[in-house]
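Each chain gets a letter, A, B and so on, in the order the sequences are listed, and its residues count up from 1. Remember, it's a predicted structure, so these values are computed and weren't measured experimentally.
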Amino acid sequence: MTTQIKLRDCAKTFTDGTRALAPFDLTIEGGETIVLLGPSGCGKTTILRMIAGLEFPDKGGVITFDGDDVTHQSIEKRRVGMVFQSYALFPNMTVAQNVAYGLKVHGVSREESDARVKAMLEMMHIEMLADRAIDQLSGGQRQRVALARAIAVQPRVLLLDEPLTALDAKLRVRLRTEINALLRKLGITAVYVTHDQEEAMALGDRIVVMQKGEIAQIGTPREIYCKPQNPFVADFVGAANLLDGQMRDGRLHIGNHVFDAVDAFDPRHGAIIDQGPVELFFRADGLSTCDAAHAHFTGRVEAVSYLGERLRLTVSGIGMHAVMIDTHADDIITAGADVHCQINPDRLTVFPARGDSTTAVSQAR
Amino acid sequence: MSWAHNIKEGRSRPSFPFGFSRQATPGVGSPAILAMLMMPGIIIVAAFFLIPLALVAMRVADGPDGWATYFVILTNARYFASLVQTLVMSAGVTLTALVLCAVCGLFLVRNRFAGRNVLTALLTLPLSFPGTVVGFMVIMLAGRQGVIGSISDAIFGEKFVFAYEISGLFIGYLYFSIPRVILAVMASAEKLDPQLEEAARSLGAPTWRVVKDVILPGLMPGLISSGAICFATAMGAFGTAFTLATDIDVLPMVIYTEFTRNANVAVAAALSIALGAMTWAVLFAVRCFVGSSADVAPRGGA
């Protein structure tokens with residue numbers, strides 16, 4: 001029932017010669033939700049449009065749905081459901097007519113279509129909007145109608161292109177939860193494009209992080225979050241703090257401090273880094289405040305933001321850039337104060353320093 | 001329930017910018033001042049439209065048949081034929097212009113090619129020509145010494161000449177109408193959301209369905225307004241007909257001959273009123289018929 005999608009050697013060069021996507025392989029298992037995550041212009045939407053049949057891969061690329069070669073099939077033959085950021089509802093039709101459109105095109109009988117539309121509207125909790133005009137709906141309602149319209153035709157794959165980006169924050173979270181529940185319930189193969197890391201974590205069985213037309217990493221949300229494979233992914237999924245260090249004989253030197261037992265495996269080269277300059281990525285929990293005697297660093301608090309359950313400090317004087325440190329919500333710290341902190345080596349992700357990565361890697365392993 | 005909250009987010013339809021709404025700020029919005037600002041408009045409409053129209057309508061009574069002249073123009077075969085011919089030709093010109101321009105306008109908006117701007121400018125050139133010049137051009141094309149005649153003479157040994165009849169007029173009016181319609185179509189086409197077409201195609205719609213369900217409804221407001229102008233212009237245009245010939249029995253020509261040559265003022269007046277009434281009635285009917293669907297077409301901001 002569910003459709004497995006395979007992309008093999010797919011690349012995309014636009015007619016003006018710009019390379020949108022470097023050749024890549026991607027397999028999406030039947031019933032799986034894949035999230036394509038990355039900043040704008042990284043090629044994530046191009047992949048989605050290739051699967052849809054709105055863009056075609058360069059010569060040599062092959063796309064299959066359950067083994068059927070659909071590479072040269074146009075979108076209307078592929079049976080894909082699409083949901084757009086701009087909703088793309090037909091303004092000259094009511095809500096019910098929008099949802100029924102795909103069924104009408106496929107020649108489904110009137111009775112069956114009516115029943116299906118009713119079921120879809122109920123599933124999306126919008127049955128009372130059936131006869132409304134589209135311009136009478138809010139953004140959240142419109143996106144529910146768009147979802148109902150896309151799944152009414154029982155597509156082989158559901159393609160969602162930043163469907164929540166145009167909504168306000170609160171609604172975004174609620175609709176995200178609903179979409180998640182819907183995807184689990186339908187068990188449909190889905191591809192979801194977003195630039196929002198939180199959305200990707202919440203929805204994806206697997207996440208494909210994209211960078212400048214290339215796949216930077218594919219993994220479960222946990223793998224992406226805890227084991228980023230390169231500085232770009234680490235930075236993009238929120239480990240925004242950066243310190244420079246040195247590996248000497250397998251031990252990490254930061255300033256005058258030396259740490260043993262640091263996980264310095266470089267997944268890109270499949271090797272332990274044991275010599276050379278490194279970059280250390282970590283989240284706000286990678287450093288913690290402590291008393292002067294145990295301190296690795298002393299910095300100056302530039303700003304304090306109260307986040308409810310914790311206090312987030314912006315501290316300068318530790319690395320090249322300011323770093324974020326989380327502390328207890330009831331600590332009394334003001335901007336301008338000095339703060340002592342300790343590094344938690346378990347929380348560090350170590351990469352060879354950029355620009356010098358090849359020489360820094362030992363090929364021992 | 002999740003939807004209950006959403007109802008509050010529903011956007012109300014925008015109100016008209018010049019309504020006499022109570023919320024309007026005192027000043028420009030207040031009824032008294034608005035009425036005062038409208039006075040120049042009202043005076044001009046009264047002086048140059050309502051009063052002459054009423055006078056023309058009343059001149060009909062001065063004729064030999066009195067008020068019955070209005071019936072005469074319907075019963076007299078020549079006048080009635082002229083009414084029908086004008087109506088049919090204007091409708092034909094309008095429909096042809098709409099079809100041609102919808103296709104060309106979409107093409108010009110969707111494609112980028114060398115010389116595109118020059119071509120668009122050329123297509124809108126007839127805007128600056130008076131009807132007489134358009135008539136002159138038709139004669140150059142299809143007249144007794146025209147291009148088409150010379151070519152057909154060389155190939156078939158027979159001159160095709162149709163400049164001086166209704167088909168010549170048809171070509172002239174079509175040429176004259178294209179710029180107005182094509183500009184309106186291009187303006188509407190630029191506002192079409194390409195994702196609407198992608199959504200329709202993803203649901204399995206073949207090209208003809210996308211055209212029927214997405215593109216045409218999107219272009220409809222532009223087609224209706226430009227079609228209305230095109231139709232009204234074709235109904236009343238005179239210069240081209242006057243240049244081409246005297247035996248083309250379109251209404252403006254008949255009015256001219258009745259008025260100047262036959263001094264039949266009453267019939268000329270009755271025909272004028274009939275011309276105005278017919279044009280108005282057709283435009284009104286079109287608005288009623290398609291207006292409801294066209295009103296839905298401008299999509300709410302999203």
Side-chain angles (χ1 to χ4, degrees), chain A residues 49 52-54 74-94 97-98 101-107 124-129 132-144 146 149-150 152-153 155 159 161 166-168 170-171 174-175 177-178, chain B residues 1-15 110-114 188-189 191-224 289-302:
Chain A
R49 292 172 66 83
L54 290 167
S74 61
I75 181 169
E76 52 270 34
K77 304 265 166 57
R78 286 196 195 183
R79 278 184 54 216
V80 294
M82 285 201 83
V83 177
F84 298 91
Q85 182 184 336
S86 68
Y87 319 119
L89 296 173
F90 307 125
N92 48 325
M93 302 178 197
T94 64
Q97 285 166 344
N98 263 280
Y101 186 77
L103 302 171
K104 196 168 102 184
V105 168
H106 283 103
M124 298 311 300
H125 311 295
I126 47 173
E127 60 273 27
M128 67 293 172
L129 301 176
R132 291 271 193 95
I134 299 307
D135 62 359
Q136 292 173 303
L137 305 181
S138 69
Q141 290 168 335
R142 285 177 202 215
Q143 206 51 289
R144 285 190 176 86
R149 181 180 68 178
V153 291
L159 305 170
D161 190 3
L167 304 174
D168 63 66
K170 207 175 149 192
L171 192 61
R174 199 173 57 220
L175 205 52
T177 318
E178 281 182 39
Chain B
M1 258 190 243
S2 55
W3 51 264
H5 175 78
N6 269 345
I7 291 171
K8 278 182 256 164
E9 295 157 9
R11 266 170 243 169
S12 58
R13 282 164 174 274
S15 56
R110 299 267 164 113
N111 294 283
R112 292 284 174 272
F113 51 89
S188 303
K191 279 187 253 150
L192 285 178
D193 177 2
Q195 294 197 327
L196 278 182
E197 286 162 52
E198 293 175 359
R201 291 177 61 201
S202 77
L203 294 165
T207 310
W208 67 268
R209 273 209 98 111
V210 176
V211 171
K212 171 180 160 282
D213 296 330
V214 177
I215 296 179
L216 276 183
L219 294 181
M220 203 46 98
L223 291 180
I224 289 175
F289 185 63
V290 260
S292 51
S293 66
D295 283 346
V296 182
R299 50 191 76 88

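A side-chain donor-acceptor contact under 3.5 Å links A/N92 to the backbone of B/D213.
Closest heavy-atom contact between A/A88 and B/A199: O-CB, 3.9 Å. Scanning both residues, A/S86 and B/D193, for their nearest heavy atoms gives OG-OD2, 3.7 Å.
Within 6.0 Å of NZ in A/K77 there are 12 or fewer heavy atoms belonging to other residues, nucleotides or ligands.
Options B/P194, B/P206, B/A200 differ in how many heavy-atom pairs under 4.5 Å they form with chain A, and the most are formed by B/A200. In terms of heavy-atom pairs under 4.5 Å with chain B, the best-connected choice from A/A52, A/S74, A/G102 is A/G102.
The shortest distance between side-chain heavy atoms of A/M93 and B/P217 does not fall below 4.5 Å. Inter-residue side-chain proximity for B/R209 and A/E76 is flagged as unmet; no heavy-atom pair is nearer than 4.5 Å. The side-chain heavy atoms of A/F90 and B/L203, taken from C-beta on, include a pair separated by under 4.5 Å. Put simply, the side chain of A/V153 does not reach to within 4.5 Å of the side chain of B/S202, judged on heavy atoms.
Expressed to the nearest 0.5 Å, how far CD of B/E198 lies from CG of A/L159 amounts to 11.5 Å. Atoms CD and CG, from B/Q195 and A/L54 in turn, are 9.5 Å apart once rounded to the nearest 0.5 Å.
Contact annotation for A/R49: only side-chain heavy atoms (C-beta onward) come within less than 4.5 Å of a heavy atom of chain B. Heavy-atom distances place no part of A/I134 under 4.5 Å from chain B, backbone and side chain included.
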